[in-house]
Amino acid sequence: MSESEGIDPRRYRAVVTGAAGFIGSHLVEALLEHGHEVVGIDAFTSSYPAALKRSNIAAASAHPCFDLLPADLNELDLEEVLRPGDVIFHLGGQPGVRASWGKDFADYTRANVDATQRVLEAARARQAARIVFASSSSVYGEAPLPMREDGPLHPVSPYGVTKLTAELLGLVYWKAFALPVVPLRFFTVYGPRQRPDMAFNRFIDAIAQGTPIVVFGDGSQRRDFTYVGDVVTALLAAAADGEPGQPINVGGGSTVTVAQSIAIIERLVGRKALIERRPAPPGDARDTQAATDRLHALGAIPRVGIEDGLAQQVDWQLRSMPRLLSSAIVVGGEATHRAGRGSAPRILLYSHDTYGLGHLRRNTTIAHGLLQRTPDLEVTLLTGSPVAEQWPFPDGVSIVRLPPVTKVGPEEYQPVAARSMSAVRAERAGMIASTLLRLRPDVFLVDHAPLGMKGELRLALEMAREELPGTRVVLGLRDIVDEPEVVRATWSTQGVYQAMETAYHQIIVYGSRELFDAASEYDIPEAVRRRVQFSGYIAKDRGLEQSVNGRKTWTQARRAGDRRVLVMGGGGGDAAPMLLAAIEAWESLRYLLNGEAVIVVGPLMAPADRREVERRARQVAGIQVIHSSTTMLSLVAAADLVVSMGGYNSVVEAVAARKPLVICPRTAPRREQLMRAEIMARLGLAQVARLDGEGDAAARIADAMVAALKAGPPPERAWRAIDLRGTERVADLLLEMTEPVSVQVAA
Ligand code: NAD
Ligand code: UGA
């Protein structure tokens, strides 16, 4: 057939909308089985519990040829997802005949009409090879039987009107732009995963539980019930050979009355139904029956009769009911079990890395600490850092790189590549969930953001809770996030407290309770507090650096009295003002300070800023500027004085080396660095030079440098006050969680 030219029915890239739904999830599995590459889009709408949809798509999500995009078709930049030659199966929508009256109609127009228009536009722009659209028998309404594709269309429900509108829209695009749209009109589909609002699902549940079923009218209404496997066959055949612009009925499996179907279910479940009769509701067609000539011509003849099909659905429903009913379990505090397998334990780490290098550094250190303890461990790190490609990860860590986004304002992010945020966000969220489901790790350690960048972790956390009882989900919190009132307000609006309660087995604070009690400062609820542990500070291990001697970086021969000053810009993103002020400070101290200063700008500094720092540094004697260093610890070790911003890692590195330290903290948009700097100053471990405020910042830095050098390395007592054994402790805690223990969950 000419229209199918360009589609190799054996292998194509399929995009399935509504992928987590009843029919969509079966289609995805069949496409994967046939060896196609599949992208599934689903908004996990609340038309029925999203947990059921997550369960539908969980197995497929672990498949290497499947990409899940949790996204709303009304918002997603679909053009970015589509590629020329894709086959689109458009099943996403708001189904249900009887519920389409009343105030919820907007859900129907939005999901069935507006979303379809967006799909068609994107498909047109990206030259899709074919669009197979899930239309419905409800477009016929009360029509003569059997319902013929070219017969009258008189929908009797608002839902039917939206499906017909969508179908007509597709035909308009076919006529105007030769967009190859094939509408399939499904007749009451049933089988495993059937939606909970549909008749068979309700009947089976109620009969099994001994509660009454509601039968509309006298039960003599007929439906052309179609088994979901037969619908999938028709979808695949339509993709390969359907004629664009020609609707095809998908029905003809078994036309039976509702009363007959109830009798079959009673037999299969082994119990009589308690029947409550109600008048037939508006919107229900009396009878449906498909004319099947076109379906037969397509070669997709339904094969599963009502008895066999219902047996499948009953079997699925009775098996899955206890598990699905128990999905309300809230994560308890004590223990979980390791999936019974002999292989090495697996740990998955996630950090969104949308700003700076702090999270990446800490997670790298933790990964290294874990591998040092247990070399055969499988450690995987999910990171969104733009420098992940060049980052020196320790051997043995697998990296999953998320498309990077940068924080550009409070709760505002922008993709690093020229892409749309909606597509990048969906891609990241899907990758995180899929990696988790593929790996089935013993421990999933989430860094810092309990719900991830813009809530991108929600799906993964829910999947972990429902599908991975053997995975221990742990939140690793930096000691200081921001000022307590700011954190409390954001956490409560974002639902972070609730996530802590329901999604996390354990929270590890990378700091000391005595120095900053994050649990009480941030108002972590009592019930969660008993799951909070303080690990001490995560200090980078020397073994993580290449064995290059950092002393070599200092080029000048050292004469008596010379000082080596290391100035660190952290990630570098906003370090330019501090580095420029530090250069000025160094210059102003030349009359009393000899030696050399090394400035490490940080890999994330904007090129223009870096050039400015370099230009300024060239004007001053004894300064060397380097972009970034892989031997930071040995540089620190060789320095007489460290001047740094107030980032967690820089401060911990300098403190661990027991160096005189000047901290020039960032004070906006967060106060975190300032708070950390003040704690260090109180302990006698650092001098603080603020960059903001009145007067000359360079002069303040110069004064602080002089004071720090004068004071020398922190005295033993002060230094001992800081617990730097975090890396080992976190490694121990996580490894302990990989040990097989008994299940204990709170109901
Ligand atoms: P379903 O509700 O199980 O699946 C639809 C999926 O679409 C859901 O997972 C939902 O989250 C998703 N979705 C809804 N709006 C979305 C949006 N804006 N963006 C992204 N995803 C969105 O329903 P189903 O029974 O599997 O039906 C699939 C399709 O087939 C629907 O279009 C329905 O109208 C049509 N249909 C179904 C039947 C039937 O008997 N089940 C019969 C005729 C037609
Ligand atoms: C089904 C789907 O729900 C729609 O999304 C789809 O568009 C439509 O099929 C279609 O074929 O186009 P429906 O036929 O109403 O709609 O499917 P069921 O919910 O399975 O109902 C089947 C029959 O059982 C109907 O006659 C209904 O009145 C009856 N019923 C339903 C009851 O008697 N009691 C109930 O509790 C539910």
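Here the structure is a predicted model, which is why all the values come from computation and not from measurement.
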Participant: Counting neighbours of CZ on Arg11 that are heavy atoms of other residues, nucleotides or ligands and sit closer than 6.0 Å, is the number greater than 12?
Facilitator: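 Atom CZ in Arg11 is not packed in, count stays at 12 or less.
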Participant: Where is the tightest heavy-atom contact between Cys65 and Leu32, given as atom of each residue plus distance?
Facilitator: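 That would be O-CD2, 3.7 Å.
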Participant: Is there a donor-acceptor contact under 3.5 Å linking the side chains of Tyr227 and Gln313?
Facilitator: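 The answer is no; no qualifying pair exists.
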Participant: Does Arg425 come within less than 4.0 Å of Glu75, counting only side-chain N to carboxylate O?
Facilitator: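 No.
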Participant: Give the minimum heavy-atom separation between Pro302 and Gly251, together with the two atoms involved.
Facilitator: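 The answer is CG-O, 3.2 Å.
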Participant: Among Glu149, Arg185, Glu243, whose side chain to side chain contact (heavy atoms under 4.5 Å, CB included) with Arg294 holds?
Facilitator: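 So the option named by the test is Glu149.
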Participant: So, the side chain of Arg193 versus the backbone of Val228: is there a donor-acceptor pair under 3.5 Å, distance only?
Facilitator: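 Not a single qualifying donor-acceptor pair exists.
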Participant: For side-chain contact (heavy atoms from CB on, under 4.5 Å), just list the numbers for His63 and Val38, CA-CA rounded to whole Å, side-chain angles, deciding distance to a tenth of an Å, and then say yes or no.
Facilitator: CA-CA 10 Å; His63 195 290; Val38 185; over 6 Å; no
Participant: May I ask you to test the Pro146-Thr292 pair for a side-chain heavy-atom distance under 4.5 Å?
Facilitator: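 In short, these two side chains do not touch, never coming nearer than 4.5 Å.
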Participant: Tell me if a side-chain donor or acceptor on Gln221 pairs with a main-chain N or O of Gly219 at a distance below 3.5 Å.
Facilitator: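 Confirmed, Gln221 side chain pairs with Gly219 backbone.
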Participant: Please assess Tyr140 against Asn249 for the test side chain to side chain donor-acceptor pair (under 3.5 Å), listing each intermediate value before the final yes or no.
Facilitator: CA-CA 11 Å; Tyr140 293 111; Asn249 287 339; 2.6 Å; yes
Participant: Return yes if a side-chain donor-acceptor contact under 3.5 Å exists between Tyr350 and Glu456, otherwise no.
Facilitator: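 There is such a pair between these side chains.
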Participant: Does the pair Asp72/Arg118 count as a salt bridge with the N-to-O cut at 4.0 Å?
Facilitator: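 The answer is no: the pair does not qualify as a salt bridge.
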Participant: We want to know whether Lys53 and Thr45 form a side-chain donor-acceptor pair, criterion being a heavy-atom distance below 3.5 angstrom.
Facilitator: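 A pair is found: one side chain offers a donor N or O, the other an acceptor, under 3.5 Å apart.
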Participant: Using the test ring pair (Phe, Tyr, Trp, His ring centres under 6.0 Å), find all partners of Phe186 that sit at least two apart in sequence or belong to another chain.
Facilitator: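 With sequence neighbours excluded, Phe186 shows a ring pair (Phe, Tyr, Trp, His ring centres under 6.0 Å) to no residue whatsoever.
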Participant: Kindly indicate whether a cation-pi arrangement holds for Arg124 with Phe177, taking the cut-offs as under 6.0 Å to the six-membered ring centre and within 45° of the axis.
Facilitator: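 Output yes; distance and angle both within limits.
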Participant: With a 4.0 Å cut-off, would you call Arg126 and Glu79 a salt bridge?
Facilitator: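 No, this pair does not count.
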Participant: Closer than 3.5 angstrom, by distance alone: can the side chain of Thr165 be matched with the main-chain N or O of Val161 as a donor-acceptor pair?
Facilitator: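 Checked: pair present.
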Participant: I'd like to know if Asp197 and Arg98 make a salt bridge, using a cut-off of under 4.0 Å between side-chain N and carboxylate O.
Facilitator: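 Answer for the salt bridge query: no.
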Participant: Would you call the rings of Phe203 and Phe200 parallel, tilted or perpendicular, taking 30° and 60° as the class edges?
Facilitator: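 Rings of Phe203 and Phe200: tilted, 30 to 60°.
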Participant: Is there a donor-acceptor pair closer than 3.5 Å between any side-chain N or O of His90 and the backbone N or O of Leu120?
Facilitator: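 Flag not set: sc His90 to bb Leu120 has no pair under 3.5 Å.
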Participant: Check Glu80 against Ser420 and note the closest heavy-atom contact, atom names and distance.
Facilitator: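 Of all heavy-atom pairs spanning Glu80 and Ser420, the closest is OE1-N, 2.7 Å.
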Participant: Applying salt bridge (charged side-chain N to carboxylate O under 4.0 Å, His left out) as the test, list every pair that has at least one member in residues 212-225; sequence neighbours left out.
Facilitator: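 Non-adjacent pairs meeting salt bridge (charged side-chain N to carboxylate O under 4.0 Å, His left out): Arg223-Asp284.
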